[in-house]
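First the structure, in the form of structure tokens, and then the observations on it.
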Protein chains: 2
Amino acid sequence: MFQKNGHNHGRCIISAMKIATDLCAERGVRLTALRSHVLELIWQSHQPVGAYELLDILKSERRNAQPPTIYRALNFLLNLGLIHRIESLNAYVGCDTPHTNHNTQFLICSGCGAAAEISDVRLDKAINALAKDAKFSVKHRSIEVEGQCPNCQVS
Amino acid sequence: MFQKNGHNHGRCIISAMKIATDLCAERGVRLTALRSHVLELIWQSHQPVGAYELLDILKSERRNAQPPTIYRALNFLLNLGLIHRIESLNAYVGCDTPHTNHNTQFLICSGCGAAAEISDVRLDKAINALAKDAKFSVKHRSIEVEGQCPNCQVS
DNA sequence: CTAGTTACTGTTATAATATATCAGTAATTC
DNA sequence: GAATTACTGATATATTATAACAGTAACTAG
């Protein structure tokens, strides 16, 4: 769901980082300084952010950062489910429920750019039903809905 | 829905081109030789095809074709709904129902690469419902489901 | 603890997708 | 037939992503 305009975003970041640390410990994989840093950068907002945008910020601290630097970190985080890729934007956004096996959907606001991750069971069931009708075996879903979030709607 | 393996694809092409001609006439826009040609190329199969792949084919006939050549034609066709863009593939596929105001979904086979356009009302309703819950006003949907089509499933 | 191995990062180059801009040509309109 | 609008040509460049190889850090077995 979309965050309220003045929400305490610091908490979102702290929580996300703790979830990531725990998940990596649990899985026995290394959340290196670089990966951790990239994840923090992604979590600076609820707006999906592009790889090169991240790279530019990263460069101000690691001036030798190159595209592979960022893409490796992104792929690591994607594989763990700590971030999602928004296909229609070529951008990346944090996920605060990486542990749950989520068939999620995104509502993307064209006003403020924020993306809300939804996990709607009705929708998921509808997809399963239509796939069954088509005798199609589902592997991956990319459900992205663009429009205006409550904060950005002019009434 | 997915086409059967040995279907008469010539008919798909002829039908699509007629639909396009009619639609352009109705809208008073010009289906120029270039645009018509690009549409035909897209309709050579039910597999979404990339812009540069189209460009390469186009070049064998118009050797001065450049990226803008193909992107202009694609944008024209997209605006009319004669083709769709598959975001998760950066590729384009023909639409045989451009006149209907369609909130469609795509089933994309990772085996053969074919994309089936579905217009499932349950799914559409589910999206409307979840958007309403989130007080989100929907403008555009991108629903892309990847998996195996009936023809490609190993049983 | 140290040699061997695996995982991670640095670095350079390049691939793949898409758009901006200005000039010229064809079609439509008045 | 002149003016306007729409379309195409042509060059340049922006944006997103990956390949490949070298070097370094971390882990693992003995």
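In the text below, chain A, chain B and the rest are named by the order of the sequence lines, each starting its count at 1.
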Selection: residues 61-75 of chain A, any non-hydrogen atom under 4.0 Å of DNA chain C: A/R62, A/N64, A/Q66, A/P68, A/T69, A/R72
Taking only heavy atoms on the protein side, list every residue of residues 36-59 of chain A lying under 4.0 Å from any atom of DNA chain C, sorted numerically. none
Residue among B/I143, B/L107, B/V121, B/V145 satisfying side chain to side chain contact (heavy atoms under 4.5 Å, CB included) with A/L130: B/L107
Interface with DNA chain D, restricted to residues 16-35 of chain A and to heavy atoms under 4.0 Å: A/R30
Using 4.0 Å as the upper bound for N to carboxylate O, is an ion pair formed by B/D22 and B/R27? no
So, taking the atom named CG in B/L23 and the one named CG in B/L82, what distance separates them when rounded to the nearest 0.5 Å? 5.5 Å
Using modelled atom types and a 3.5 Å cut-off, is there a donor and acceptor pairing between side-chain atoms of B/E144 and backbone atoms of A/S142? no
Over all heavy atoms of both residues, which pair between B/I70 and B/A51 is shortest? Give the atoms and the distance, please. CG1-O, 3.8 Å
Tell me, do B/E117 and B/H46 make a side-chain contact under 4.5 Å, heavy atoms counted? no
Over how many whole Å does the gap from A/L89 atom CG to C/dT17 atom P extend? 18 Å
Centre-to-centre under 6.0 Å for B/F106 and B/H84, is that the case here? yes
Heavy atoms from other residues, nucleotides or ligands near NZ of A/K139 exceed 12 (cutoff 6.0 Å): yes
